[in-house]
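All ligand and atom numbering here is 1-based and tracks the order in the structure.
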Amino acid sequence: MHTDSKSILVVGGAGYIGSHMVLSLKRAGYHPVVLDNLSKGHRDAVIDAELIVGDMADARLLDEIFSRYQFLAVMHFASFIEVGESVKFPARYYQNNVAATLNLLDIMIKNGVKHFIFSSTAAVYGEPKSAAITETHSLAPINPYGRSKWMVEEMIKDFAVSDGLNYAILRYFNAAGADPEGRLCERHEPESHLIPIVLQAAAGKRQGVTIYGDRYPTADGTCVRDYIHIVDLCHAHLLALRALTEGKKSMIYNLGTGHGYSVLQVVDVARRVTGKDIKAAMGEPRAGDSAVLVADAALAKQELNWVPSYPDLETIIRHAWQAMFKHS
Ligand code: UDP
């Protein structure tokens with residue numbers, strides 16, 4: 001049994017956010033251990049940490065991992081994240097995001113691990129009732145992805161009551177960008193996220209980008225999102241981890257910048273940053289999309305002393321662009 005007091009289990013640590021989190025944890029002196037089934041993640045994205053290839057639904061494997069390590073905390077980044085796919089194949093989302101997470105929670109609690117950091121999402125709010133969303137906004141997800149995350153949030157709160165689980169639920173808006181040193185980048189296969197798609201178009205790897213609808217009630221008719229730099233997102237997790245392990249009570253925070261950009265604005269900024277002509281064609285709306293999702297992240301800033309280092313979209317896109325070249 002490893003009794004190192006700084007071991008952190010990072011489930012989904014070979015994925016986009018999880019792999020950046022591993023870098024942040026290492027830099028802060030923690031010892032991340034990655035569990036990832038590599039269904040979406042990449043083996044080479046796990047830099048300088050142990051990778052256990054397996055699934056969080058596998059109770060026998062989890063028993064074995066928890067008997068080997070005494071983890072200080074578990075961080076969970078292993079959810080499926082595509083709104084459109086979740087509408088077409090909801091069972092995948094309820095199986096992986098809910099049922100497998102229940103298995104993880106059950107086994108970590110049995111093993112006496114009390115601190116849990118969960119990647120949640122702005123999608124739990126559904127259609128916003130205000131310009132910037134605070135954590136007290138009603139929870140009314142409008143697609144199976146959002147509902148799967150909401151269900152896990154509710155389970156976590158129940159385990160806090162029954163078993164003293166100490167949690168940080170972090171509701172991300174749109175994670176974007178890449179490690180400024182270019183060690184990692186965003187790689188989903190097939191790619192469905194706006195910024196990597198736009199940059200692939202700039203790099204000539206695809207014809208252009210299809211904009212999913214221009215009849216939303218926004219200034220230019222396209223959807224507005226709050227893009228947050230992956231490094232800032234991970235830094236907030238680190239602060240949440242420290243707070244939890246230093247005795248702060250459970251927490252729920254939005255993580256975003258508070259600034260919204262429309263799809264057309266993202267394409268324009270990417271044209272400027274890359275100096276390339278990116279072709280954009282108007283297409284049909286994507287099922288399950290909210291018109292506007294912008295965070296009020298004041299609470300995380302205030303309570304965690306979180307100060308985002310890269311709040312502007314230009315830097316986010318520049319880092320993503322640089323990293324894409326290093327990894328192509
Ligand atoms: N989007 C788009 N074309 C694409 C991919 C995404 O117009 O090829 C839009 C999408 O409808 C949403 C925004 O870009 O309004 C961000 O989508 P993404 O999938 O990156 O993140 P999500 O908001 O779904 O988490």
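- Under 4.0 Å is where a charged nitrogen must lie from a carboxylate oxygen, and between R27 and D48 no such pair does.
- No cation-pi contact links K157 to Y167, judged by a cut-off of 6.0 Å to the six-membered ring centre and 45° from its axis.
- Of the listed residues (V263, V224, L264), just one forms a side-chain contact (heavy atoms from CB on, under 4.5 Å) with T218, and that residue is V224.
- In this structure, of E82, E186, M282, R286, the residue bringing a heavy atom nearest to atom 19 (O) of ligand 1 is R286.
- Counting atoms of ligand 1 from 1 in the listed order, those under 4.0 Å from a heavy atom of C223 are 15 (O).
- Under a 4.0 Å criterion applied to the non-hydrogen atoms of I197, ligand 1 contributes the atoms 8 (O).
- Considering only non-hydrogen protein atoms, atom 13 (C) of ligand 1 sits nearest to Y227 OH, 3.9 Å.
- Nearest non-hydrogen protein atom to atom 9 (C) of ligand 1 is V263 CG2, 3.8 Å.
- The aromatic rings of Y93 and Y145 stand perpendicular to each other, their planes meeting at an angle above 60°, with 30° marking the opposite boundary.
- In this structure, F116 and H76 have tilted ring planes: the angle between them lies in the 30° to 60° band.
- Nearest protein heavy-atom contact of atom 11 (O) of ligand 1 is D289 OD2, 2.5 Å.
- Taking the six-membered ring for Trp and thresholds of 30 and 60 degrees, Y69 and F71 have nearly parallel ring planes, at less than 30 degrees apart.
- Protein heavy atom nearest atom 7 (O) of ligand 1, with residue, atom name and distance: Y212 N, 2.9 Å.
- With H229 as the partner, the side-chain contact (heavy atoms from CB on, under 4.5 Å) test is satisfied by one option alone out of H20, H235, H319: H319.
- Near S192, the atoms of ligand 1 lying under 4.0 angstrom from a non-hydrogen atom of the residue are 5 (C), 19 (O).
- Short contacts between ligand 1 and H193, defined as distances under 4.0 Å to a heavy atom of the residue, involve ligand atoms 18 (P), 19 (O), 20 (O), 21 (O).
- Distance from atom 20 (O) of ligand 1 to its nearest protein heavy atom, with residue and atom name: L194 N, 2.8 Å.
- Ion pairing of D268 with R272 is absent here, as no side-chain N (NZ or NE/NH1/NH2) approaches a carboxylate O to less than 4.0 Å.
- Ligand 1 places these atoms under 4.0 Å from at least one heavy atom of I211: 7 (O).
- Among N174, T218, T210, the residue whose heavy atom sits closest to atom 21 (O) of ligand 1 is N174.
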